[in-house]
Protein chains: 2
Amino acid sequence: MADASTHGHGPARRATIIDVAQRAGVSSATVSRVLNGNYPVAGATRDRVHAAVDELGYVVNAHARALAGTSNRTVGIIVHDVVDPFFAHIARGVERAASEAGRLCMVCCTHGDPQRELAFVDLLHEQRADAVVLVGGAHQDRSYAREVARRARGLHAGGARLVLCGRPSVGQGVPTLSVEYDNEGGAFALTDHLLTQGHERILYLGGPPRLSTTHDRLAGHRRALALRGVPTAPELVHTGAFSPAFGHRRLAELLSSGLEFSAVFAANDMVAIGALQALEEAGLRVPDDVSLVGYDDVPAAATLRPRLTTVRVPLEEMGRQAVRIAVPDAEAEAWRPPAEGGVRLGTHIVVRDSVAGRAGRAGRSRR
Amino acid sequence: MADASTHGHGPARRATIIDVAQRAGVSSATVSRVLNGNYPVAGATRDRVHAAVDELGYVVNAHARALAGTSNRTVGIIVHDVVDPFFAHIARGVERAASEAGRLCMVCCTHGDPQRELAFVDLLHEQRADAVVLVGGAHQDRSYAREVARRARGLHAGGARLVLCGRPSVGQGVPTLSVEYDNEGGAFALTDHLLTQGHERILYLGGPPRLSTTHDRLAGHRRALALRGVPTAPELVHTGAFSPAFGHRRLAELLSSGLEFSAVFAANDMVAIGALQALEEAGLRVPDDVSLVGYDDVPAAATLRPRLTTVRVPLEEMGRQAVRIAVPDAEAEAWRPPAEGGVRLGTHIVVRDSVAGRAGRAGRSRR
DNA sequence: GTGAAAGCGCTAACAA
DNA sequence: TTGTTAGCGCTTTCAC
């Protein structure tokens with residue numbers, strides 16, 4: 001029952017390539033060759049080796065293999081939280097592309113802690129991942145950026161790549177690859193949409209204050225406001241977490257404080273979910289009484305009632321691109337890193353049912 | 001710019017422990033001891049080593065370390081899809097517990113393909129993961145179970161563990177660990193709840209036919225029916241995917257076919273999301289015209305309108321337990337595998353707003 | 001407190 | 001087509 005070998009006999013030791021070689025009556029080099037299938041070996045020999053492998057329950061040791069030269073074919077991905085759909089979709093893209101490139105994917109969760117993030121980059125470097133993908137907004141802090149840059153250089157020196165996915169570069173000349181999306185542009189378009197509908201008092205809700213994502217979305221929002229000559233009102237900006245809980249709690253507070261606004265720009269769809277709940281509980285109808293928009297276009301956005309107007313971000317594609325630009329394809333011999341060191345994907349607003357015209361209390365109502 | 005070393009000088013080669021040793025004027029053994037901090041080393045020596053490490057940008061090679069003896073401290077998890085909340089929450093539990101136990105987490109996605117699943121178990125074994133967690137329902141097939149059993153033995157022989165999380169054992173004497181939840185019981189309770197509300201024609205919708213999860217939920221459903229003497233009607237059972245798309249499409253077809261039923265038991269919350277949409281589109285109100293229940297209690301269940309009555313499954317806790325029973329704690333010396341070889345967690349129904357009494361067309365309506 | 005040296009299991013020249 | 005052998009980078013006795 002607790003026997004170490006399949007047959008319950010022999011020493012409690014894992015079979016090695018040498019064991020297989022002896023059993024098959026060949027050398028370890030031959031075993032290696034049949035296992036890797038990258039070198040001609042006689043059919044009969046190959047069969048004997050395979051038989052020995054099966055009999056011994058031999059499983060190649062990826063560490064020994066990696067040590068001996070060939071990369072161990074893994075990529076690492078660092079996210080805040082695998083459950084958050086924003087990260088989950090990017091992670092799915094990374095996993096799929098990695099898998100297609102014949103690589104295993106190591107996932108780390110920081111829960112938003114920059115120190116953990118750095119520690120994970122180190123850990124992944126130790127594991128000799130071919131690429132490390134850093135996902136989502138970056139903590140805006142110079143010394144932090146310096147630490148990231150240092151690790152990017154270390155990874156690069158070892159032939160690996162640090163990929164910045166959805167966050168800005170950490171500086172000129174730092175050897176990173178990047179996958180960006182038009183964050184500022186999406187926020188601009190969304191705010192412009194709201195303005196076009198007659199909203200001028202727009203509450204901006206959520207997003208960690210010192211996160212690059214928040215910075216960019218807010219920048220787009222303000223640019224749209226400025227372009228229409230709408231004054232920015234400090235009391236209308238309330239940053240915070242990227243969660244339903246924050247959206248719900250803060251909006252409920254604001255509502256009972258008597259703050260006036262006709263639309264809510266939730267920093268992402270999760271915040272919008274909480275905001276919608278707060279609005280409902282206050283007896284306000286969306287979009288008749290208050291309009292609401294989100295960001296990211298995660299599946300939940302289309303499930304909400306009213307269906308949420310939001311900005312589409314090509315999350316899964318970002319994940320795919322991150323590994324595509326960092327590691328050679330499985331079969332493709334002719335592969336070189338992208339000239340530009342990165343790709344930039346577009347975003348676009350998707351209009352659904354959560355926005356109505358300002359003067360339109362009697363406006364669109366569902367059913 | 002493309003220099004391999006931090007300073008742009010010297011050979012394009014990664015620093016090794018030998019380089020550090022030379023630079024610090026000590027032996028590699030001493031460097032190893034300093035780095036692992038598991039052996040007394042003079043303060044001054046330690047400082048010199050750390051300085052050399054920094055100057056060289058040295059990063060220990062986890063493969064060499066793993067080869068030389070100490071486990072490489074990783075756990076693997078195999079799921080269908082990281083985006084599906086069912087798997088995402090379990091994955092989060094696994095990642096957290098692994099992280100707390102000082103381990104890295106390798107995530108693999110099978111997209112429901114049993115062959116891929118087996119291949120990933122092999123890959124993870126090759127990586128010498130301390131534990132491999134197989135998540136979610138199992139494909140019900142004898143030869144498949146045999147393959148899993150074979151791998152469980154192989155892993156076990158190498159000192160690693162295969163953990164079955166949310167799926168039945170693959171046979172007596174097969175060295176696996178398991179984390180189960182009361183799947184059948186949850187389905188029983190849910191159906192009983194529906195029956196109590198007067199529903200007798202209950203449509204069972206979704207869940208891959210040859211998956212153990214489907215088997216168990218259907219079993220609980222049927223047991224509840226039988227207990228009340230309600231005949232099972234084959235035309236009321238429609239298995240399929242675990243997705244909103246399936247729930248939507250199939251229910252729409254069924255609705256237009258004229259099939260009669262007063263409640264829908266969606267095999268999971270995702271199916272319920274699609275079902276709700278189909279119901280809405282058909283002009284049917286939930287729960288006034290038709291009652292609807294889901295399973296799993298993922299966050300979306302509470303976001304739907306009406307809020308979905310469903311069965312709470314302790315997903316994240318299942319993930320945590322999976323690694324807890326399989327690997328020693330970070331600091332805990334005194335650790336031994338659970339005597340029983342597994343844990344079993346409870347489920348319970350959470351009643352929200354998607355079920356109304358059969359006779360109650362005029363019954364509860366929101367607001 | 002520190003060093004020398006023997007592996008860990010595999011791959012990849014280089015020979016035969 | 002197959003065998004021999006020298007490492008890959010680290011940990012860990014065993015001496016000193």
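Residue numbers begin at 1 in each chain, while the letters A, B, ... track the order of the sequences. Worth knowing before you read on, the calculation uses all heavy atoms, side chains too, and leaves out hydrogens, waters and symmetry mates. If you're wondering where the values come from, they're calculated on a predicted model, not measured in any experiment.
With hydrogens and angles disregarded, no donor-acceptor distance shorter than 3.5 Å links the side chain of A/R320 to the backbone of A/G93. Using a distance-only test at 3.5 Å, with no hydrogens or angles considered, no donor-acceptor pair links the side chain of A/D47 to the main chain of A/A44. Looking at B/R150, its side chain never comes within 3.5 Å of a backbone N or O of A/G57 through a donor-acceptor pair. No donor-acceptor distance shorter than 3.5 angstrom exists from the side chain of A/R103 to the backbone of A/T74, with no hydrogens or angles considered.
Distance A/L56 CG to C/dC10 P: 11 Å, rounded to the nearest Å. In this structure, A/I17 places its CD1 atom 14 Å from C1' of D/dT2, rounding to the nearest Å. B/I18 places its CD1 atom 11 Å from the C1' atom of C/dA5, with the value rounded to the nearest Å. Between A/D47 atom CG and D/dT1 atom C1' there is a gap of 15 Å when expressed in whole angstrom units. Rounding to whole angstrom units, CG of residue B/N38 and P of D/dT12 are separated by 7 Å. Rounded to whole Å, atom P of C/dC10 lies 20 Å from atom CZ of A/R128. Taking atom CD on A/Q22 and atom C1' on D/dT4, their separation rounds to 15 Å, with Å as the unit. One interatomic measurement links the two molecules: CZ of A/R13 to P of C/dG7, which rounds to 14 Å at whole-angstrom precision.
Residue B/Y58 places its side chain closer to D/dG9 than to any other of C/dC10, D/dG9, C/dA12. Relative to the side chain of A/A68, the nucleotides C/dT2, D/dG7, D/dT2 differ in distance, and D/dG7 lies closest. Distance from the side chain of B/N61 is smallest for D/dC10 among the nucleotides C/dT11, D/dC10, C/dG9. In the set D/dT2, D/dT11, C/dG9, the nucleotide with an atom closest to the side chain of A/L67 is C/dG9.
The shortest distance between side-chain heavy atoms of A/R153 and A/V174 falls below 4.5 Å. Between A/I90 and A/C165, the closest side-chain pair of non-hydrogen atoms falls below 4.5 Å. Counting only heavy atoms from C-beta outward, the side chains of A/H111 and A/H80 never approach each other to under 4.5 Å.
In the model, B/N61 has no side-chain atom that pairs as donor or acceptor with a side-chain atom of B/R14 under 3.5 Å. For B/Q127 and A/N72, the side-chain atoms include at least one donor-acceptor pair closer than 3.5 Å.
In this structure, A/T45 reaches the D/dT2 phosphate: one of its side-chain N or O atoms is under 4.0 Å from OP1 or OP2.
Mapping B/Y39 and B/A64 onto DNA chain C by nearest heavy atom places B/Y39 closer to the 5' end of the strand. When the nearest nucleotides of DNA chain D are assigned to A/P40 and B/A62 by heavy-atom distance, the more 5′-ward of the two goes with A/P40.
Between the two ends of the helix from C/dG1-D/dC16 to C/dA16-D/dT1, each summarised by a five-pair axis, the helix axis turns through 30° (rounded to 10 degrees).
Within the structure, ring-ring contact (aromatic ring centres under 6.0 Å, His included) contacts touching residues 50-77 of chain B (residues at least two apart or in different chains) are A/H63-B/H63.
Sorted by residue number, the members of residues 25-34 of chain B with any non-hydrogen atom under 4.0 Å from DNA chain C read B/G25, B/V26, B/S27, B/A29, B/T30, B/R33.
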